[in-house]
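Structure first, then comments.
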Amino acid sequence: MRENVVIRTVSRLAVPFIQVFALYVIVHGASGAGGGFQGGVVFASSFILMTIAFGLSSVRKRLNNRWIVICSVLGITIYAGIGLLCLILGGNYLEYGIIETTLGIPHLHGYLLDAVEVGIGITVMAVMTSIIYDMAERGGESS
Amino acid sequence: MIWELDFALLLFMICCAIAAITVRDLLHATIILAAYSLVMTALWSEMNAVDVAFTEAAVGAGITTVLFIAAIARTRRSSSD
């Protein structure tokens with residue numbers, strides 16, 4: 001399995017396309033189908049494909065536990081930070097219009113919506129990848 | 001909505017669901033569940049629920065299958081009862 005050249009070549013070709021599609025789904029989520037959760041899951045599935053093709057240890061070298069913790073905390077911080085900023089400025093939770101009117105920047109509403117989606121996507125990607133790491137690890141303790 | 005297509009997809013879905021709980025080999029059951037998820041995706045998008053269809057395709061057919069296969073790899077493959 002580890003020496004199979006077809007699987008390795010196909011997944012090496014497919015992984016960038018899956019990741020670009022995941023980013024498209026995350027950014028396009030405000031206006032069409034998709035969103036942060038779906039895009040994050042698709043992004044995590046590209047890491048699953050890499051785990052199947054190249055083995056767990058080589059994927060772990062690129063995205064180790066430290067980066068997973070950083071990514072999951074960063075995403076939820078973006079999400080909660082924008083939500084709480086709306087609360088501080090006197091609106092409801094995730095009411096972007098209040099930031100737009102306070103700062104006076106036009107079209108900030110859409111950018112904030114995209115930023116929240118990106119935050120959700122980063123967190124979902126990190127947590128899904130961490131679940132897959134723990135499940136795919138053979139017999140060892142999860143660190 | 002085309003009710004013939006709906007009917008065929010629902011019939012296939014019920015067949016998949018019954019097959020998934022009657023088959024003995026757990027790996028076969030996992031693959032049948034992935035097929036069930038795929039039919040469910042077609043059904044959701046046929047009912048104009050594209051967002052739900054996307055989630056079903058990503059989570060139901062993708063992540064859940066891999067998680068089940070990883071769980072089977074760490075336990076026994078065939079059920080004893």
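To find a chain, count down the sequence lines: A is the first, B the second, and so on, and within it residues start at 1.
- Both A:Leu94 and A:Leu84 are members of a single hydrophobic cluster when ILVMFWY side chains are connected at heavy-atom separations under 4.5 Å.
- With a 4.5 Å cut-off on non-hydrogen atoms, B:Ala71 touches chain A through its backbone and its side chain both.
- A:Phe17 and A:Phe47 fall into different hydrophobic clusters, where Ile, Leu, Val, Met, Phe, Trp and Tyr side chains are chained together by heavy-atom contacts under 4.5 Å.
- In B:Phe7, the CZ atom is not crowded: 12 or fewer heavy atoms of neighbouring residues, nucleotides or ligands sit closer than 6.0 Å.
- One distance of note links CD1 of A:Ile48 with CG of B:Leu67; it measures 7.0 Å at 0.5 Å rounding.
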Task: side chain to side chain contact (heavy atoms under 4.5 Å, CB included) assessment of B:Val66 paired with A:Met135 - done: CA-CA 9 Å; B:Val66 175; A:Met135 292 294 287; over 6 Å; no
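- Residues A:Asp134 and B:Arg74 approach most closely at O-NH1, 3.3 Å, considering heavy atoms.
- Under a hydrophobic-cluster definition in which Ile, Leu, Val, Met, Phe, Trp and Tyr are linked whenever side-chain heavy atoms come within less than 4.5 Å, directly or via other members, A:Leu13 and A:Ile7 are assigned to different clusters.
- Interface summary for chain A: among B:Val59, B:Ile69, B:Val50, B:Asp51, the most heavy-atom pairs under 4.5 angstrom belong to B:Asp51.
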Report all side-chain donor-acceptor pairs from residues 30-41 of chain B shorter than 3.5 Å, counting only partners two or more places apart or in another chain.
from    : atom 1 : to      : atom 2 : distance (Å)
B:Thr30 : OG1    : B:Leu26 : O      : 2.9
B:Ser37 : OG     : B:Glu56 : OE2    : 3.0
B:Thr41 : OG1    : B:Ser37 : O      : 2.8

